[in-house]
Amino acid sequence: MDDSEGRKVRNICILAHVDHGKTTLADHLIASSGGGVLHPRLAGKLRYMDYLDEEQRRAITMKSSSISLRYKDYSLNLIDSPGHMDFCSEVSTAARLSDGALVLVDAVEGVHIQTHAVLRQAWIEKLTPCLVLNKIDRLICELRLSPMEAYTRLIRIVHEVNGIVSAYKSEKYLSDVDSILASPSGELSAESLELLEDDEEVTFQPQKGNVVFVCALDGWGFGIAEFANFYASKLGASATALQKSLWGPRYYIPKTKMIVGKKSLSAGSKAKPMFVQFVLEPLWQVYEAALDPGGDRTVLEKVIKSFNLSIPPRELQNKDPKNVLQSVMSRWLPLSDAVLSMAVKHLPDPIAAQAYRIPRLVPERKIIGGDDVDSSVLAEAELVRKSIEACDSSRDSPCVVFVSKMFAIPMKMIPQDGNHRERMNGLNEEDSKSESDECFLAFARIFSGVLRAGQRVFVITALYDPLKGESSQKYIQEAELHSLYLMMGQGLTPVTEVKAGNVVAIRGLGPYISKSATLSSTRNCWPLASMEFQVSPTLRVAIEPSDPADMSALMKGLRLLNRADPFVEITVSARGEHVLAAAGEVHLERCVKDLKERFAKVNLEVSPPLVSYRETIEGDGSNLLESLRSLSLNTSDYIEKRTPNGRCIIRVHVMKLPHALTKLLDENTELLGDIIGGKGSHSVKILESQNPSLGDNVDPIEELKKQLIEAGVSSSSETEKDREKCKTEWSKLLKRIWALGPREKGPNILFAPDGKRIREDGSMLVRGSPHVSQRLGFTEDSTETPSEASETALYTEALTLESSIVSGFQLATASGPLCDEPMWGLAFTIESHLAPAEDFETDKPENFGIFTGQVMTAVKDACRAAVLQTNPRIVEAMYFCELNTAPEYLGPMYAVLSRRRARVLKEEMQEGSSLFTIHTYVPVSESFGFADELRKGTSGGASALMVLSHWEMLEEDPFFVPKTEEEIEEFGDGASVLPNTARKLINAVRRRKGLHVEEKVVQHATKQRTLARKV
Ligand SMILES: Nc1nc2c(ncn2[C@@H]2O[C@H](COP(=O)(O)OP(=O)(O)OP(=O)(O)O)[C@@H](O)[C@H]2O)c(=O)[nH]1
Ligand SMILES: [Mg+2]
């Protein structure tokens, strides 16, 4: 195999918080190495990669797109990604196709919410990162920092970024929000500066060469190496020695020509760190010389002379000092050289990268037992995996490609080559026929082999398992590819074949893939692991055409949109509405615009956002022990229901689960679903968990079990004795988990009742089975020892009723009593007693079907009634929100926050600048139009970014009516009490769902009368 070609490839994505300058940086790289698609003078202004109208209009990137560049003899695929939270799914797409990442941080704004998120994404996908500190010019011109202050600021940012990465590395998994809340507020004492010695473990170190300092707007930038080389001859030191000392507390003593550490400095010495003296001060001088009205122009000339820069005199005579400065700086320290030389040196080639990314790409599978496994299939699948690991680009190796998203571009943008026109006339042109204006392309990377235009491939979805044979066939299709294109931003260059390790756009997969997929030349191939998304689409609206006759156009449009946008979700609600789920307001707005103008081309009505809620009961579940004691049904409140025929009596008790437990169940629904659904026991076990929280080599099931036990106990009890007691009680209870709900994997638990099977009156208890406990391994498979009871017909009937009870529980937890929203964090114990059939004449065997239905309904009603009786509460979703504002806008900003029921977590002034950063929680229901209102209220002076954070219970009682004297005094006698927030939310949902709403239309007739004024 010829490696040399592959070794010269780099797949790089640019990641950063919104507006930190990714697209501007990409512009300069394209201008210098893009083969002339972008004129250098336009670089930084054009934002070439933002070719969608909407992107140019809003000046933010909304999708990731790639461009092929040539630098020296390297070929680079550069992927620009969006920084806005709404489009973070595009970051996942970009990260999967790359091997290395340029992580940008704005030197003025520093680390932000999305910086955390992209660093995490890079870490999950095992990308090698390099750090680019951008907007250095703002430190000089805007903040007017001295070189020494700028240095402290830069050190702090590098330190902070390193802190985030090391937290991920040490497998201390933190969600985005956790990591922001946990991070130190950026304080860095003088002592800790001392400790910034070279430590191999630290990821980003300017002296290692993986950090560059740039100004993307003006097109200049440098790493330490540039300066080290320059000073080597001047100071008579070796470049390597200088490289090591140009960052951190190293000082140059001119007298002795020695480089010393801080300790060796004589007391009172005014020496500055070498980075300040040799790097920043000259920069500052050039800026002052050029921009200050009385600046010393000779400094510029000195720079031009000593670096031998050839600048056309015309540019130097430009009236605008900024242009002169830019001409000098961009030639002295060209941005693209600094960034690209770092990229080819520090970022891995695909061959090196795939070797260690393989556990993430194709997790290793271990065969346990497995007599039914076809060994030849297994051998080939293993071979394919090896070939991916080696990034084998020889022609006879299997071809494996990962499609990370589908995107639509207008048909007229597709280059029309001869070969292509031929195909247009052919029979195979499925997508051009049905969707004549839009063409779907797959954004993909070849991981092994060679992909050719026109090749036949298997399209494999994530659920495919080659070992399962027939039952897995529905997850695999065969397709013929059309053309392959190298991407140049919007432009496409047709190519006939592409080798492993490259990024490509593929045409002809439109009908086969909706979001992402694996392509393979052989059936016997594992699908590549799915990507992980930072958030899920949460903003839901119902959509309908303005003219009902356009329904079919809308349906077609929705189908196309669903395919063209990897992150949008289209569903049909129970009431028959078409519901579109987007990641946020900006995303939603773009989706609607796309629908109107490109995909459906009809006028649309968009409903106000549909917000989801949860229902629960009062309390925080912290006193588990207490709840456990009251669980024994006799001592506590329960709801009793009887089936209409009277044969079955159902008693339901409900209690609140500890918060930690609810959260755990909520976060692990997928894993739990797999375990309970039976996947955990399959002969093939995925060794590496997809969940980074659980590390690389931990069995996810074991880990989950451990956490389940802890979550139950940790919340309660002060004393050690109580703790122990609670633990024993809780572990007993863990052996009784019958089901989870809703949909068998939600955050609500059904416990099997504990009691005597046969009561005195001859009725039989439906015991249920601890099905979930067994799956989780809390209890053995317990087939009961047969007793005489099991012989009877009553026993058989009781067994049959078990599934009705579980179904009733599932229905109840899926829609609670307040407003038919799912329940949250509740544990039910359902005790059903079945009386012998003889006592009921009406009960004929053929009626048994009806009877099971009655039991299901009774269970559902009883569960809902139990919740209603136990002080129900509404739970709402919360956003974690980061705001940035100048001090003069703090007032208006707080006004907006309080109108939105926001809870402020912290307010902090950013070190070295006058900006404030505020962290708050904002209820999702209050978040619509929030960013807009904020912008208007503060004349654009404040910006906000939100991530979905958690569910939170509203303490307010939705049914509150003042009863005691004090309450009546405070709130009035009930007639004039305004509905509280909880009640308002519930009513809004009920009204939307067409449920009955108890409301007085005329609230106070007397008051209304007084409103009429005599004229
Ligand atoms: N002063 C200064 N401004 C810069 C610099 N680099 C970028 N900008 C400005 O920052 C703004 C955002 O730049 P973009 O390149 O669009 O940022 P982005 O990271 O691509 O933003 P998204 O794609 O929306 O996340 C633009 O107004 C740029 O002109 C810089 O080095 N100095
Ligand atoms: Mg951008």
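Excluded from the calculations below are hydrogen atoms, water molecules and symmetry mates; all remaining heavy atoms, backbone and side chain alike, are included. Note that ligands are numbered from 1 as they come in the structure, with each ligand's atoms numbered from 1 the same way. Bear in mind the structure is a predicted one, so any value in this text is a computation, not a measurement.
For atom 11 (C) of ligand 1, the choice among Gln114, Arg138, Lys135 with the nearest heavy atom turns out to be Lys135. Of the options Val18, Ile136, Thr24, the smallest heavy-atom separation from atom 15 (O) of ligand 1 is shown by Thr24. Atom 17 (O) of ligand 1 has its nearest heavy-atom neighbour, among Ala16, Gly219, Gly21, in Gly21.
Under a 4.0 Å N-O distance rule, the pair Arg96/Glu125 qualifies as a salt bridge. A salt bridge links Arg331 to Glu315: one of the charged nitrogens lies within less than 4.0 Å of a carboxylate oxygen. Look at Arg138 and Asp106 and you find a salt bridge, because one of the NZ, NE, NH1 or NH2 atoms lies within 4.0 Å of a carboxylate O, short of that distance.
When distances to the Mg ion (ligand 2) are checked against a cut-off of 2.8 Å, Ser81 contributes no N, O or S atom below that limit. Distances from the Mg ion (ligand 2) show that Thr24 has no N/O/S atom below 2.8 Å.
Phe278 has its ring centre no less than 6.0 Å from the ring centre of Phe230.
Between Tyr151 and Phe275, the ring planes are tilted. Angles from 30° to 60° get that label. In this structure, Trp247 and Phe213 have tilted ring planes: the angle between them lies in the 30° to 60° band.
Residues Leu15 and Gln114 are not in side-chain contact: their nearest non-hydrogen atoms beyond the backbone lie 4.5 Å or more apart. Taking the side chain as every heavy atom from C-beta outward, Arg445 and Asp99 approach each other to under 4.5 Å.
The angle Thr61:OG1 - the Mg ion (ligand 2) - Thr23:OG1 amounts to 100°, with values rounded to 10 degrees.
For ligand 1, the atoms sitting less than 4.0 Å from at least one non-hydrogen atom of His20 are 19 (O), numbered in the order shown with element in parentheses.
Of the polar atoms of Arg47, none of the N or O atoms is found under 3.5 Å from an N or O of ligand 1, judged by distance alone. Backbone and side-chain nitrogen or oxygen atoms of Leu25 are examined, and none is located within less than 3.5 angstrom of a nitrogen or oxygen of ligand 1. Looking at ligand 1, you won't find any N or O of Ala59 less than 3.5 Å from one of its N or O atoms. At under 3.5 Å, a nitrogen or oxygen of Asp19, whether backbone or side chain, sits near a nitrogen or oxygen of ligand 1.
Regarding atom 29 (O) of ligand 1, its nearest protein heavy-atom neighbour is Leu217 CD1, 3.2 Å. Scanning all protein heavy atoms for the shortest distance to atom 32 (N) of ligand 1 gives Asp137 OD1, 2.9 Å.
In this structure, atom 27 (O) of ligand 1 has its sub-4.0 angstrom surroundings free of protein heavy atoms.
To the nearest 0.5 Å, the span separating CD on Gln205 from CG on Asn162 amounts to 7.5 Å.
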